[in-house]
Structures are given as C-alpha cells and as structure tokens.
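Remarks on the structure that follows.
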Amino acid sequence: MKSMYDVNLNEKTLLVRIDLNTTIKNGKPLINERFVEHSKTIKELIKMNAKIILIAHQGRPGEKDFISLHHHAKVLSKLVGRKIKFIPGLYEKKVVESIKFMKPKDVILLENVRFYDDEFSKNPRRTKFVKTLQPLIDYFILDAFSVAHRAQTSVIGFHPAIAGRVLLNELEGIEKIKHSKHPYMLIVGGGKIKEPLNLIHSLLKNGTADLILTGGVTALILMKSEGFDIDVEAKDDLINKSLADKLMSRYEDKIVLPLDLIDKNGESHPVYDLPHTKFYDIGNDTIKLYKEKIKSAKTILLSKPLGVYEKKKFENGTKKVFRAVSNCRAKKFAGGGDTVTALKKFKISLKKFDYVSLAGGAFLDFISGKKLPGLKVIKYSNCKD
Ligand code: 3PG
C-alpha cells in the first residue's frame with residue numbers, strides 16, 4: 001500500500017480526506033483526538049512543501065449535528081499553527097479559483113462533503129465533485145481510517161490514492177490487536193446492535209476471542225435470545241435476532257450476560273426477577289463479576305460503553321469496568337463508537353492502553369474481517385512514483 005511517505009510531494013497539489021466528525025455544542029465543534037491527529041498529518045505535509053486541500057464531513061443529512069465546516073477550520077488552524085482558509089463550496093467556481101492560486105504550504109478546507117448529493121452517488125467518478133477536482137490534483141490522500149468503510153465519493157472517488165499518516169498508524173495498531181495472547185477478552189456494549197453482534201460472531205468464529213463480556217443494547221438483545229422478556233427495540237430487528245439466537249446457541253459458554261440491570265429510575269433488578277421495562281446500565285453484581293473476569297485476561301479489546309454513560313444515573317457500569325480494564329495487566333486495546341469519549345469522560349488516560357483507535361464503525365468492520373472500500377482503492381490505485 002503506497003503512502004504519503006513513498007512519493008515526492010514537493011509542490012504537489014493534494015486532496016486530503018480527513019475526519020472532523022465530532023460532537024457539536026452550541027453550534028460549534030468540540031475538539032477531539034481526530035482533530036489532533038489529522039493536524040499532525042497536515043503539519044508533515046506542510047513540511048513536505050505541498051499544496052493541501054482538505055475535505056471532510058460533519059454529521060449526516062437530517063441530523064442535528066449536520067453543519068458547515070466553517071468553525072472546524074478555525075479549530076484546526078489553531079492546532080496546526082497556521083491559517084487554514086475555509087472555502088464555502090466543494091466544486092464551484094470560487095473553489096476552482098482558490099485551488100489554482102494556491103502556493104506550496106497553503107492549506108484550505110472545503111465545505112461538508114455531505115451537503116452535496118455527489119457524496120452519495122453510485123457513480124462517484126461521474127460526479128461534478130470528481131470531474132471538477134480530479135484534474136486539479138496530483139494525489140488523493142486518505143488520512144481518515146475512520147471513514148474507510150464508507151463507499152462514498154470523498155473516500156473512493158479520486159486517484160491516485162495513497163495512505164495518510166493517521167490511516168497508517170491505525171492499520172499498525174490494529175495489526176497488534178489481531179496477534180495478541182490468550183485468554184483474549186472482548187468487552188462490548190453500545191446502543192447499536194449490528195456491528196457488535198458481527199464483531200462477536202467473527203472473533204468467536206475465527207478463535208480470536210475466548211470470552212465476551214456484554215453490556216448495552218447488545219447484552220439486552222442476547223438476553224432476549226435466552227428467553228428474557230425485555231423491552232428493547234432495535235433496528236434491523238429480524239436479522240439481528242437471528243444472529244443473536246445463533247450466537248447464544250453456539251457460544252453460550254463464551255458469552256457472559258449481565259446478572260442485574262438498572263431501570264430508568266436507577267433501580268437495580270436481578271435478571272431472575274426482571275420487570276418488563278427498559279434498562280440503561282448493568283448493575284453492581286455484574287460489575288463485580290466483570291471485574292473478577294478481567295483479572296484473568298491477557299488481552300482485552302474494549303468496544304463501546306456498557307450503559308447510557310452520558311447520564312450520571314447510568315454511568316456506573318461503564319465507569320467501573322473501563323477503570324478496571326485500564327488498571328489491569330493485560331494488553332489493552334480500545335475502539336469503536338463512543339469508547340474514547342467515555343474513557344475521556346471518566347478521566348482514564350489513553351496512555352494506559354496499548355492502542356486506541358480513532359475510528360467507530362470502520363474499526364469494528366475491519367476487526368470483524370470486512371474489506372473496507374477506502375483501503376481497496378489505495379491498494380488498486382495506479383500510483384506510478
Ligand atoms: C465516525 O464518526 O465514525 C465517522 O466519521 C463515520 O461517520 P458515519 O458513521 O456518519 O459515516
């Protein structure tokens with residue numbers, strides 16, 4: 001796989017896909033690790049004397065955090081220590097003019113790519129976005145591993161495609177996760193089901209994991225398969241239900257389910273006496289059991305919170321189990337969904353982990369053995385240098 005370190009980028013015009021997707025508070029983006037890491041890539045590209053055009057997204061159409069990247073440019077400028085000019089467009093005349101007048105070391109950020117239907121086109125190469133920008137660039141750099149699972153125009157539409165610093169780091173980190181010692185434990189929760197269930201399935205099927213500790217909606221769906229009458233809704237329910245059934249019938253001895261759950265009032269119920277209601281966290285007996293199990297693991301992969309950790313009433317499971325993981329002797333990895341946000345909320349140093357991925361869905365898909373469209377494009381890109 002060719003990377004930004006394999007080619008001469010002096011005075012070259014680069015289109016660089018980064019990931020600035022973050023939490024929006026009062027209309028403004030909150031700095032996260034992705035900003036910090038991409039700013040390091042940008043600094044390196046500036047040193048290489050390149051002209052740098054950044055593209056990124058924020059939110060999804062129809063959602064509250066689907067906003068312009070205007071403020072993101074300001075945040076990024078501070079981190080890079082150099083003005084990053086925001087151009088409010090993607091392929092309009094003003095964008096083309098700005099690119100034509102760029103000098104080496106200049107950095108510009110274009111508008112949220114998801115503001116344009118071109119981003120979701122089935123024929124990326126035929127979009128105005130690609131047709132306009134492709135002739136103006138020398139290389140496309142995919143720096144954001146976290147979007148490599150999306151077959152969207154800003155990820156797979158441009159060539160020659162090469163890997164950026166952040167993407168290379170992620171691949172190196174994930175390689176370590178794959179080849180770690182047994183007993184190998186996956187601790188998985190979160191509010192979605194499809195990705196965690198696929199992850200559990202693939203890690204058990206290929207013998208990577210020996211034990212799975214569950215929380216969040218994932219645990220509730222698996223408990224339903226065990227016959228518990230729980231009030232839990234999930235999209236793609238049928239597909240997930242059959243995968244959950246399969247997991248519980250094949251791997252019952254390897255999947256650990258909660259012993260108690262917390263309801264909306266913060267009250268704990270043992271699983272042998274559950275009311276038909278919604279649950280938001282694991283209870284104290286489960287926490288105790290999980291802490292005990294963690295002691296015997298040689299490798300732990302932590303993926304997604306175990307409850308609705310954003311609310312004080314439901315933070316206990318995530319806080320205590322994540323802390324126990326951070327203090328144990330096993331090799332530790334974390335990634336997927338809100339995992340990093342939760343670690344930071346509970347002031348758990350990321351340095352305690354052997355590797356922390358910046359990616360959500362891309363991390364889970366990759367660990368599950370899926371081929372990521374963004375990586376495929378780099379692999380098969382015709383890069384002659
Ligand atoms: C993420 O936040 O995981 C990435 O930015 C991908 O976002 P998406 O799930 O909206 O494609």
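Ligands are counted one by one from 1 in listed order, and the atoms in each one are counted from 1 as well. Computation of the quantities below employed the complete heavy-atom set of this structure, encompassing side-chain atoms and omitting hydrogens, waters and symmetry-equivalent molecules.
Exactly one of Asn112, Thr153, Leu69, Leu110 qualifies for a side chain to side chain contact (heavy atoms under 4.5 Å, CB included) with Ile55. That residue is Leu110.
For atom 8 (P) of ligand 1, the closest non-hydrogen atom on the protein side is Arg60 NH2, 3.5 Å. Of the protein's non-hydrogen atoms, His57 NE2, 3.5 Å is the one closest to atom 7 (O) of ligand 1. Atom 6 (C) of ligand 1 has its closest protein heavy atom at Ser146 O, 3.8 Å. Closest to atom 11 (O) of ligand 1 among all protein heavy atoms lies Arg150 NE, 2.6 Å. Atom 5 (O) of ligand 1 has as its closest protein heavy atom Asp19 OD2, 2.8 Å.
Within the 3.5 Å criterion, the main-chain N or O of Gly335 finds a donor-acceptor partner in the side chain of Ser303. Looking at Asn198, its side chain never comes within 3.5 Å of a backbone N or O of Asp365 through a donor-acceptor pair.
Residue Arg114 places a heavy atom less than 4.0 Å from ligand 1.
Counting heavy atoms under 4.0 Å from ligand 1, residue Arg34 touches it through the side chain alone.
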Kindly indicate, with the supporting measurements, whether the criterion ring pair (Phe, Tyr, Trp, His ring centres under 6.0 Å) is fulfilled by Phe158 and Phe129. CA-CA 10 Å; Phe158 295 91; Phe129 179 18; 5.2 Å; yes
Between Phe145 and Phe363, does the ring pair (Phe, Tyr, Trp, His ring centres under 6.0 Å) criterion hold? Intermediate values first, please. CA-CA 8 Å; Phe145 174 76; Phe363 173 77; 7.7 Å; no
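Here Tyr309 and Phe322 keep their ring centres 6.0 angstrom or further from each other.
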